[in-house]
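Sequential numbering from 1 along the given sequence is applied to the chain's residues. Counting starts at 1 for both ligands and their atoms, in listed order.
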Amino acid sequence: MTREKWSSKTVFILAAVGSAVGLGNVWRFPYLAGQYGGGAFLIPYLIAFVVMATPILILELAIGQRMQQGPVKSLRQMHPAFGGVGLLGVISAFLVVAYYAVVMAWCLLYLLQSFAVAWADDPETYFFGNVLQISDSIGQLGGFNGPVLVALAAIWLMIYFCIWKGPKSVGRVVLYTVPIPVAVLGVLFLRSLFLPGFWAGWQLYLTPVWSAMLSPEVWTAAAAQAFLTLSVAFAIMLTYASYKNPDEDIAKSSWITALSDMAISLFAGFVVFAVLGYMAYEASTTVAEVTASGPGLAFVVFPQALSLMPLPGLFSALFFFMLLTLGVDSAFSLVEPAIATITDLRPGAKSTRVAGWVCLAAFGVGLLYTTRAGLYFLDIIDHFVVSYNAILMALGMALLGGWVFGAEALRRYINDVSDWHVGRWWSMAIKWLVPVVLTILLATQLSTDLRNPYGDYPAWALSLGWATVIVPVGLGLWMVRGPRATVADSDSLAESQVADD
Ligand code: PHE
């Protein structure tokens, strides 16, 4: 059976950019920048982005394109012990999309209420009380929240119909879902330039706070955000690359994807901080005060600012429409690794059906987040999956690509097929920098979490978070020793590669 393919190179790049550019750029990046003091976050983020996340993106594209298989099979074929690293990526992407779709469901509810600007009187109560109907603590599930549940079902239907025909339907959808939100962001940017106070917002965004950069916490958050925003270390880019032809460009596509993603994050930062500057001006307080809102930024602070502008309904609708279109192509890319893995295992299975089951399963897991304690669970799972699983997967791929398979062999392959040349720096980054830095980050994160358990959650709830790390990592380790570990030896690519050379 021949593997499904993208209809053109441009379509692949659009799909990769669509996956990378998502809620992470417009919601997560600005609130982290705000939380860690604006410019203090920007520099570690840019460094981590260029020296770690982009090299990993190049690595993932190279592996997927060379091996022409889903994540588990690709990595296992490179070395039998590494299939579990692929599985870790697949499970993590699945866990993320289960809550990512819920955040999109909130956006949908906000979009529907935009023209009425229903939150104008009290945005905080509107978000926590009306939309989330949040319970007092994580122990009180409080039953399902009807509107969020229905919105989530609608989001999953939308995701399903974007991907049901594999790369073909994805290719058609991204022609719209990539340019449209960027254009809307442009409109919001122009609007924000006319808001009083925008300059104060920009100042905070761009002024470095050097002392904050000594904090390992800022670096861990910056590195994790760099991976997340580029969609690397979740096996997504590897899966997307497996639908390319083995002789297509890798380096240029990676840089186009990375630079577009970075540009959009930075651009979104300008819009968000201009609006925050305006908020501070309206409330006669400092920008630092209004930015310290954390994850509530997109659903409390921003809607409040929108409600204060002239034409609040129109700009609110534009904003939430933008978030939805930004999110949808990232959401379906997060489902692809699981679909590719299952179709690899059962080549005869109908892909429309596999896609349907995966979407249904993710909707099922997402039900937890539609309870009235959903936000608490979402916060915990996001913390653990993003700070541990992504870093472990990146570490596993760097060890496999850099040491077991050989960075230089991979670099030769990349340079053979690519329009742009990748220098020796890349091999050094994959072999040394990425593994060393990631190990340090992992150790710091672990010691922080063990010393002060995350949030104010009870131990049973945090153990759920730990389980989302320990179970997939355990499965991955089990695969090293499990029966399948020996199967792929004969067609190990490392050997064929050596023979080629
Ligand atoms: N990169 C996308 C974003 O920034 C999607 C994504 C989210 C990918 C989470 C991986 C993990 O929103």
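When the side chain to side chain contact (heavy atoms under 4.5 Å, CB included) test is applied to Leu446, the partners found at least two apart in sequence or on another chain are Tyr388, Leu450, Trp466. Residues satisfying the ring pair (Phe, Tyr, Trp, His ring centres under 6.0 Å) criterion with Phe273, sequence neighbours excluded, are Tyr205.
Taking the centre of each ring, Trp119 and Phe127 stay at or above the 6.0 Å mark. The ring of Tyr110 has its center closer than 6.0 angstrom to the ring center of Tyr126. Checked against the 6.0 Å centroid threshold, Tyr31 and Trp27 count as a close aromatic pair.
Of all atoms in ligand 1, listed by their number and element, those nearer than 4.0 Å to a heavy atom of Ser330 are 2 (C), 5 (C). The distance from ligand 1 to the heavy atoms of Asn25 drops below 4.0 Å at these ligand atoms: 4 (O). Of all atoms in ligand 1, listed by their number and element, those nearer than 4.0 Å to a heavy atom of Leu23 are 12 (O). Proximity to Val96 (heavy-atom distance under 4.0 Å) selects the following atoms of ligand 1: 9 (C), 11 (C).
For atom 12 (O) of ligand 1, the closest non-hydrogen atom on the protein side is Tyr100 OH, 2.7 Å. Closest to atom 2 (C) of ligand 1 among all protein heavy atoms lies Ser19 O, 3.1 Å.
Of the listed residues (Phe234, Phe29, Phe227), the one carrying the non-hydrogen atom nearest atom 10 (C) of ligand 1 is Phe234.
When only interatomic distances are considered, the shortest N/O to N/O separation between Ser231 and ligand 1 falls below 3.5 Å. For the pair Gly24 and ligand 1, the shortest N or O to N or O distance falls below 3.5 Å.
A salt bridge is absent between Arg76 and Asp344: the closest approach of a Lys/Arg side-chain nitrogen to an acidic carboxylate oxygen does not fall below 4.0 angstrom. With respect to the salt-bridge test (charged N to carboxylate O, under 4.0 angstrom), the residues Asp382 and Arg28 qualify.
With a 4.0 Å heavy-atom cut-off, ligand 1 is reached by the backbone of Ala20 but not by any atom from C-beta on. Heavy atoms of Leu228 found under 4.0 angstrom from ligand 1 belong to the backbone as well as the side chain. Contact annotation for Leu334 and ligand 1: only side-chain heavy atoms (C-beta onward) come within less than 4.0 Å of the ligand.
At least one test fails for Lys5 against the ring of Tyr243: distance under 6.0 Å to the centre or angle within 45° of the axis.
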